[in-house]
Enquirer: 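This structure is in structure tokens; I'll ask about it shortly.
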Amino acid sequence: MSGIGKSQIAEASVTRHASRVTVLRPIVVIIGPTAVGKSQIAVQLARALRTEVLTADSRQVYCGMDIGMDKPTLDERRGVPHRLIDLVNPDEPFNVGTFRRLAIAEIDRLYGEGKVPLVVGGTGLYVRALLRGLWEGPGADWAFRGHLEEQARLKGREYLHQELGRLDPELAGRLHPHDQVKIIRALEVHHLVGQPLSAVQRQHGFSEQPFVPMVIGLTRERQALYRRIEARVDAQLAKGLVNETQGLMAMGYGRHLGSMKGLGYRQIAGYLAGEYGYDEAVRRLKRDTRHFAKRQLTWFRKEPGIVWVTLAEQESVEASAARLQDLVQHFLESLNGNSSSESWDSPGGSAAELPVAPASVPGERD
RNA sequence: GCCGAGGUAGCUCAGUUGGCAGAGCACAGCCCUGAAAAGGCUGGUGUCGACAGUUCGAUUCUGUCCCUCGGCA
């Protein structure tokens, strides 16, 4: 705790920033495929921005799934608080709606402290729901889903799609008859709110704009990314992914759980169940992770407004972070220019000095 | 050198009783509104080792040659 005088100055400063940040609602988002190197760069950037990391990752929310989900260790976080990690047990429900509510709470808190939130993650739907809103519909009704799955078993794979064709022909036309997960959701919505999902989707259209975002997409040359994925899988195995999976299963977390269908646990669980050998499990894990990265890239490619940054293979984390810091600084300065002549920082400071200040002064926050 | 097996997609191989070659994996493209690391869709021209013969037609049959892998010398 600092002396009274200093503390008062800091408080005044924070109030000032808080009001600006609360009005403008700027947000910095780093997205990119798995293993591209988001986490390490994000820590550097968070230190530079004197803010915290908000993780937008549907898997890192599960407690006890550390190696497989590649959560940064405390050491790797280097004192930067990471939020939206370790929120629920592997058998507890979690979804994009939960994420969005919790994320918005964290963001508002940061605005209150005069900080620019830094969102980092690879779950495209979560990022989209955060930046463009989410239709305020009902959550999952697992009993009803179970009932529908039973129907599909009894009456054949095409039955549910035919049902949807009756209730919501538009959406049925867009969904492949085999895409049972999405067909069931559509039927569930119709059952719960009495109108076709396609109608509410059209009405919402991801058209909310709760923030002014700067979205940075990290990518690498495809072959280089694939090499990193394979190296990371090897590292996860060396850290004890098999033990971690065994432990989770011993705690009663079965393979049917959504969390246990995540990359790593799914393939290792199959090996532990004797369905195939260790080498085959490793081969599948690497393959599935490559495929996943590819799907992520497809998703992000069409998101609007992403500034893409291609990382070079020999580029250091520091160098990458510095490049991003440049982009963010310009972004924040442009916000200053557009809103008023007032600076982000306390009187006398240069524009954007607060959010982009050098980070080499731990323990001397504000 | 002899005997055997084989040379077909980037890889592993199937196949054509002679009629413009096909699976898995790899790879590429795509869809997505509370399971999203989930779930789903699409994409195959490759001198069928080379040359010659038989045939209307050869990757398929025959011959010669080249290469690979085993075994024997």
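Order of the sequence lines fixes the chain letters, A, B, ..., with proteins taken first and strands second; residue numbering starts at 1 for each chain. Small disclaimer: the values here were computed from a predicted structure and weren't measured.
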Enquirer: So what does Gly137(A) touch, heavy atoms closer than 4.0 Å: a base, only the sugar-phosphate, or nothing?
Expert: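 The residue Gly137(A) makes base contact.
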Enquirer: Taking the P atom of each, how far is G39(B) from G46(B), in whole Å?
Expert: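 Their P atoms lie roughly 33 Å apart.
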Enquirer: Under 4.0 Å, heavy atoms only, any strand: does Arg128(A) hit a base, just the sugar-phosphate, or nothing?
Expert: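 Nothing, no heavy atom under 4.0 Å.
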Enquirer: Apply side chain to side chain contact (heavy atoms under 4.5 Å, CB included) to the pair Phe292(A) and Thr34(A), showing each step before the final yes or no.
Expert: CA-CA 8 Å; Phe292(A) 169 55; Thr34(A) 186; 3.8 Å; yes
Enquirer: If you group Ile, Leu, Val, Met, Phe, Trp and Tyr by side-chain heavy-atom gaps below 4.5 Å, do Leu175(A) and Phe144(A) land in one group?
Expert: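 Leu175(A) and Phe144(A): one cluster.
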Enquirer: Show me the protein contacts with nucleotides 41-44 of chain B, counting only N or O atoms at under 3.5 Å.
Expert:
| unit_1 | atom_1 | unit_2 | atom_2 | d |
| --- | --- | --- | --- | --- |
| C41(B) | OP1 | His178(A) | ND1 | 2.9 |

Enquirer: Between G49(B) and C67(B), how far apart are the C1' atoms? Round to whole Å, please.
Expert: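 7 Å, rounded to whole Å.
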Enquirer: Would you kindly give the CZ-to-P distance between Phe99(A) and A35(B), to the nearest whole Å?
Expert: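 Value for this atom pair: 15 Å.
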Enquirer: Would one find a side-chain N or O of Arg145(A) under 4.0 angstrom from OP1 or OP2 of A35(B)?
Expert: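 Checking A35(B) against Arg145(A), a side-chain N or O does come within under 4.0 Å of OP1 or OP2.
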Enquirer: Please report the distance separating the P of A52(B) from the corresponding atom of G10(B), rounded so that it comes out in whole Å.
Expert: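 The answer is 25 Å between these two P atoms.
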Enquirer: When the distance from CZ of Arg283(A) to C1' of U12(B) is rounded to whole Å, what number comes out?
Expert: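 Computing the Arg283(A):CZ to U12(B):C1' distance gives 11 Å.
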Enquirer: Using the side chain to side chain donor-acceptor pair (under 3.5 Å) rule, pick out the option among Gln325(A), Gln40(A), Glu315(A) that qualifies with Ser320(A).
Expert: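 Only match with Ser320(A) under side chain to side chain donor-acceptor pair (under 3.5 Å): Glu315(A).
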Enquirer: Under 4.0 Å, heavy atoms only, any strand: does Asp288(A) hit a base, just the sugar-phosphate, or nothing?
Expert: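 If one applies the 4.0 Å heavy-atom cut-off, Asp288(A) turns out to touch nothing in the nucleic acid.
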Enquirer: Describe, in one word, how the ring planes of His204(A) and Phe206(A) are oriented to each other, choosing from parallel (under 30°), tilted (30 to 60°) and perpendicular (over 60°).
Expert: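 Perpendicular.
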Enquirer: Parallel, tilted or perpendicular: which describes the rings of Phe94(A) and Tyr126(A), with under 30° parallel and over 60° perpendicular?
Expert: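 If you compare the ring of Phe94(A) with that of Tyr126(A), the planes turn out tilted.
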Enquirer: Which residue, Gln60(A) or Glu136(A), contacts RNA chain B at a nucleotide closer to its 5' end, judged by nearest heavy atom?
Expert: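 Its nearest nucleotide being more 5', the pick is Glu136(A).
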Enquirer: Checking Tyr265(A) against Glu244(A): is there a side-chain donor and acceptor pair closer than 3.5 Å?
Expert: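 Note: Glu244(A) and Tyr265(A) side chains meet the donor-acceptor criterion.
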Enquirer: Take atom P in C69(B) and the same atom in U12(B), then report the distance between them in whole Å.
Expert: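 Their P atoms lie roughly 13 Å apart.
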Enquirer: Within the structure, does a side-chain N or O atom of Gln180(A) lie under 4.0 Å from either OP1 or OP2 of G39(B)?
Expert: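 It does not, given that no N or O in the side chain of Gln180(A) lies less than 4.0 Å from OP1 or OP2 of G39(B).
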Enquirer: Using a 4.0 Å heavy-atom cut-off, does Tyr126(A) contact any base of the nucleic acid, only the sugar-phosphate backbone, or nothing at all?
Expert: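 The residue Tyr126(A) makes sugar-phosphate contact but no base contact.
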Enquirer: Has Arg185(A) got a side-chain N or O lying under 4.0 Å from the OP1 or OP2 atom of G34(B)?
Expert: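 True: Arg185(A) side-chain N/O within range (under 4.0 Å) of G34(B) OP1/OP2.
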Enquirer: So do the side chains of Pro26(A) and Phe331(A) get within less than 4.5 Å of each other, counting heavy atoms only?
Expert: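 With C-beta onward as the side chain, the pair touches.
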Enquirer: Taking all heavy atoms of Ala152(A) and all of Gln180(A), pick out the closest pair and write down the distance.
Expert: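 Answer, listing the atom of Ala152(A) first, then Gln180(A): CB-NE2, 3.3 Å.
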Enquirer: Does C25(B) have OP1 or OP2 sitting under 4.0 Å from an N or O in the side chain of Arg284(A)?
Expert: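 For Arg284(A), the contact criterion (side-chain N or O under 4.0 Å from OP1 or OP2 of C25(B)) is not met.
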Enquirer: Need one value for Gly97(A): base, sugar-phosphate or nothing, where a base atom within 4.0 Å counts as base even if backbone is also close, heavy atoms only.
Expert: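 Counting heavy atoms under 4.0 Å across all strands, the contact made by Gly97(A) includes a base.
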Enquirer: Rounded to the nearest Å, what distance is computed from the CG atom of residue Leu134(A) to the P atom of nucleotide A35(B)?
Expert: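 Taking atom P of A35(B) as the reference, CG of Leu134(A) is at 10 Å.
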Enquirer: In whole Å, what separates the P atom of G4(B) from that of A9(B)?
Expert: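 The answer is 26 Å between these two P atoms.
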Enquirer: Of the non-hydrogen atoms in Asp70(A) and Gln60(A), which two are nearest, and what is the gap between them?
Expert: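 Distance-wise, the nearest heavy atoms are O-NE2, 4.0 Å.
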Enquirer: Have a look at Ile30(A) and tell me which of Val53(A), Leu118(A), Val119(A) forms a side chain to side chain contact (heavy atoms under 4.5 Å, CB included) with it.
Expert: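 Among Val53(A), Leu118(A), Val119(A), the one meeting side chain to side chain contact (heavy atoms under 4.5 Å, CB included) with Ile30(A) is Leu118(A).
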Enquirer: Pick the C1' atom in C13(B) and in U59(B), then give their distance to the nearest Å.
Expert: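 Straight-line distance between the two C1' atoms is 16 Å.
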Enquirer: Hey, does Ala140(A) reach any base, or is it just sugar-phosphate, or nothing, if we go heavy atoms under 4.0 Å?
Expert: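 Contact class for Ala140(A): sugar-phosphate only.
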Enquirer: Answer yes or no: is there a donor N or O on one side and an acceptor on the other, between the side chain of Glu188(A) and the main chain of Arg145(A), under 3.5 Å?
Expert: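 Such a contact is absent between Glu188(A) side chain and Arg145(A) backbone.
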Enquirer: I'd like to know whether the aromatic ring centres of Tyr159(A) and His161(A) sit less than 6.0 Å apart in this structure.
Expert: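 Distance test on ring centres: not under 6.0 Å, no.
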Enquirer: Base, sugar-phosphate, or nothing for Gly264(A), non-hydrogen atoms under 4.0 angstrom?
Expert: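 If one applies the 4.0 Å heavy-atom cut-off, Gly264(A) turns out to touch nothing in the nucleic acid.
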Enquirer: Does Trp299(A) lie flat on the base of C32(B), that is, centres under 5.5 Å apart and planes under 30° off?
Expert: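 The ring of Trp299(A) is not stacked on C32(B).
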Enquirer: Where the side chain of Val181(A) is defined as all heavy atoms beyond and including C-beta, which of A35(B), A36(B), G34(B) is the nearest nucleotide?
Expert: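 Nearest to the side chain of Val181(A) among the choices is A35(B).
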Enquirer: Please write out each protein N/O paired with an N/O of nucleotides 27-30 of chain B under 3.5 Å, distance rounded to 0.1 Å.
Expert:
| unit_1 | atom_1 | unit_2 | atom_2 | d |
| --- | --- | --- | --- | --- |
| C27(B) | OP1 | Arg290(A) | NE | 2.5 |
| A28(B) | OP1 | Arg222(A) | NH1 | 3.0 |
| A28(B) | OP2 | Tyr226(A) | OH | 2.8 |
| G29(B) | OP2 | Arg222(A) | NH1 | 3.2 |
| G29(B) | OP2 | Arg222(A) | NH2 | 3.4 |
| G29(B) | OP2 | Lys294(A) | NZ | 3.4 |
| G29(B) | N7 | Lys294(A) | NZ | 2.7 |
| C30(B) | OP2 | Arg301(A) | NH1 | 2.1 |

Enquirer: For RNA chain B, produce a single dot-bracket line, 5' to 3'. Pairs: Watson-Crick or G-U wobble, both distances under 3.5 Å. Symbols: ( ) within strand, [ ] crossing, | other strand, . unpaired.
Expert: (((((((..((((.....[..)))).(((((.......))))).....(((((..]....)))))))))))).
Enquirer: Take atom C1' in C66(B) and the same atom in C30(B), then report the distance between them in whole Å.
Expert: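 To the nearest whole Å, 45 Å.
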Enquirer: Give one of base, sugar-phosphate or nothing for Gly133(A), where a contact means two heavy atoms less than 4.0 Å apart.
Expert: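 Gly133(A): no heavy atom of the nucleic acid under 4.0 Å.
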Enquirer: Mind listing the closest non-hydrogen atom pair of Val120(A) and Ala42(A) along with its distance?
Expert: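 Val120(A) and Ala42(A) have their closest heavy atoms at CG2-CB, 3.4 Å.
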Enquirer: For Ser39(A) and Glu76(A): C-alpha separation, side-chain torsions, deciding distance, then whether side chain to side chain contact (heavy atoms under 4.5 Å, CB included) applies.
Expert: CA-CA 9 Å; Ser39(A) 300; Glu76(A) 288 162 344; over 6 Å; no
Enquirer: Distance check, C1' atoms only: C25(B) and A14(B), in whole angstrom units.
Expert: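 About 14 Å, rounded to a whole number of Å.
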Enquirer: What is the glycosidic conformation of G49(B): syn, defined as within 90° of 0, or anti?
Expert: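 Anti.
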Enquirer: Would you mind telling me which residue lines up with the more 5' stretch of RNA chain B, Phe94(A) or Arg202(A), judged by nearest nucleotide?
Expert: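 By nearest-heavy-atom nucleotide position, the 5'-most residue is Arg202(A).
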